[in-house]
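Below is one structure, written out as structure tokens, with a few remarks after it.
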Amino acid sequence: MTIDIHYKPLPRDFYGQPTLKLAQSLLGALLVSMTPDGSASGYIVETEAYIGPHDRAAHSYNNRRTKRTEMMFHRAGKVYTFVMHTHCLVNVVSGKLEQPEAVLIRAVEPYAGIDLMCNRRKMPFGKNLTNGPGKLTKALGITMEQYGHDFSHPPLFLAEGIQPGKIFSGPRIGIGNSGEAKEYPWRYWIANNPFVSK
DNA sequence: GGTTCGATCCTT
DNA sequence: AGGATCGAACCG
């Protein structure tokens, strides 16, 4: 498996940023997925930070360490995938070792391999192709097989992308029963980008 | 081994 | 606004 010449994988120390900063730095980065069916990629346009153990909305709240959350305790840059309502969602592990933090990738803007993405999603090109965390994983062919992989190299990696322009932030989505954490403005998105989920 | 519940998506 | 749908977590 080789890396296309124009992809510049992000350096390892990129992932060492504090989680809230990483969630913003990820905006504009290129998420690249290579599978036997082909390669596809998209610019990240929306993220959410989860900072266990004090974040009630995080799977790792109260240092909950299970088969599912185990990867959140590993080193920054690892792939944390989990299944939600039949959809696979993908996170970038962040924070220091043994500190269970991660950034959820909520939406991307398709860049390459668009035909492949349309085939996987069984729909024509449009914002609905990748404007949600479960949609983009299906479009890019990301599954639980990537759990524990490292974003620094193929077949699933992050590469230098575009400058995001203006960044907005606000409360996270779909975390109703998490008390005060519900209002933390830990969701970030590129202003006016049509592929943002809401 | 049964029960509960989503970091969602899609269609009214 | 509501149903689909299924694995993980939790409780026993």
Side-chain angles (χ1 to χ4, degrees), chain A residues 15 19-24 26-27 29 31 33 42 44-74 76-95 99-110 117-149 151 156 158 168-190 194-198:
Chain A
Y15 302 97
T19 296
L20 292 183
K21 188 157 193 308
L22 179 66
Q24 297 166 76
L26 282 167
L27 295 175
L31 177 61
S33 173
I44 297 172
V45 299
E46 181 181 359
T47 61
E48 279 180 1
Y50 288 87
I51 306 182
H54 303 294
D55 175 5
R56 248 181 90 179
H59 293 153
S60 54
Y61 175 62
N62 210 17
N63 272 320
R64 189 167 52 150
R65 189 164 188 159
T66 66
K67 181 187 177 189
R68 177 172 69 159
T69 65
E70 175 64 26
M71 196 50 54
M72 291 186 76
F73 292 80
H74 288 226
K78 287 289 190 177
V79 177
Y80 170 43
T81 46
F82 67 94
V83 174
M84 176 63 173
H85 284 94
T86 75
H87 302 282
C88 181
L89 276 58
V90 65
N91 294 250
V92 181
V93 174
S94 59
Q99 292 183 359
E101 308 178 7
V103 177
L104 170 69
I105 301 175
R106 283 197 58 88
V108 306
E109 175 179 329
M117 289 192 244
C118 290
N119 288 340
R120 286 176 174 142
R121 292 272 292 139
K122 302 190 195 316
M123 61 167 54
F125 178 79
K127 66 181 182 184
N128 286 335
L129 200 56
T130 54
N131 67 345
K135 300 178 190 179
L136 73 92
T137 54
K138 184 165 187 185
L140 292 174
I142 298 171
T143 69
M144 286 304 293
E145 289 183 21
Q146 325 295 338
Y147 183 89
H149 178 66
F151 275 112
L156 179 63
L158 288 165
F168 284 169
S169 67
R172 293 168 294 179
I173 292 178
I175 54 168
N177 295 329
S178 55
E180 298 195 349
K182 182 174 59 177
E183 299 165 32
Y184 298 167
W186 290 352
R187 171 178 171 243
Y188 302 94
W189 66 95
I190 296 179
F195 289 89
V196 171
S197 67
K198 274 184 80 173

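Numbered from 1 within each chain, the chains take letters A, B, ... in sequence-line order.
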Quiz item: Think A:R56 forms a cation-pi with A:Y184, using NZ or CZ under 6.0 Å from the six-ring centre and within 45 degrees of its axis?
Solution: no

Expressed in angstrom and rounded to an integer, what is the separation of [X] atom [atom1] from [N] atom [atom2]?
{"X": "A:N62", "N": "C:dA9", "atom1": "CG", "atom2": "P", "result": "15 Å"}
{"X": "A:H59", "N": "C:dC10", "atom1": "NE2", "atom2": "C1'", "result": "15 Å"}
{"X": "A:R68", "N": "C:dC6", "atom1": "CZ", "atom2": "P", "result": "17 Å"}
{"X": "A:R64", "N": "C:dA9", "atom1": "CZ", "atom2": "C1'", "result": "7 Å"}
{"X": "A:M84", "N": "C:dA9", "atom1": "CE", "atom2": "C1'", "result": "13 Å"}
{"X": "A:M144", "N": "C:dC6", "atom1": "CE", "atom2": "P", "result": "16 Å"}

Practice problem: Scan A:H87, A:M72, A:H59 and name whichever one has a side-chain contact (heavy atoms from CB on, under 4.5 Å) with A:F82. | Solution: A:H59

Quiz prompt | Criterion side-chain contact (heavy atoms from CB on, under 4.5 Å) against A:F151, the qualifying member of A:L26, A:V93, A:L31 | solution = A:L31

Quiz item: Going 5' to 3' on DNA chain B, which nucleotide is the first and which the last to come under 4.0 Å of a heavy atom in chain A?
Solution: B:dG6 to B:dC10

Under 4.0 Å between any heavy atoms, over every strand shown, what does [X] touch: base, sugar-phosphate, or nothing? Just pick one.
{"X": "A:I175", "value": "sugar-phosphate"}
{"X": "A:R172", "value": "nothing"}
{"X": "A:R187", "value": "nothing"}

Exercise. Specify the residue among A:F82 and A:M123 whose closest nucleotide of DNA chain B lies further upstream toward the 5′ end.
Key: A:F82

Quiz item: Taking for each residue the nucleotide of DNA chain B bearing the nearest heavy atom, is the 5' side occupied by A:N128 or by A:I173?
Solution: A:I173

Quiz item: Is a side-chain N or O of A:E48 found less than 3.5 angstrom from the main chain of A:I173, in a donor-acceptor match?
Solution: yes

Quiz item: Distance-only, no hydrogens or angles: does the A:R172 side chain make a donor-acceptor pair with backbone N or O of A:A181 under 3.5 Å?
Solution: yes

Quiz prompt | Counter-base of B:dC5, judged by Watson-Crick or G-U geometry with both distances under 3.5 Å | solution = C:dG7

Exercise. Between A:K67 and A:H85, just flag the one whose closest nucleotide in DNA chain C comes earlier from the 5' side.
Key: A:H85

Practice problem: Using the salt bridge (Lys or Arg N to Asp or Glu O under 4.0 Å) rule, collect all pairs that involve residues 118-140 of chain A, keeping only residues at least two apart or in two chains. | Solution: none

Quiz item: At under 4.0 Å, does any side-chain N or O of A:T86 touch on OP1 or OP2 of C:dC6?
Solution: no

Quiz item: Side-chain contact, heavy-atom cut-off 4.5 Å: A:M71 with A:Y147?
Solution: yes

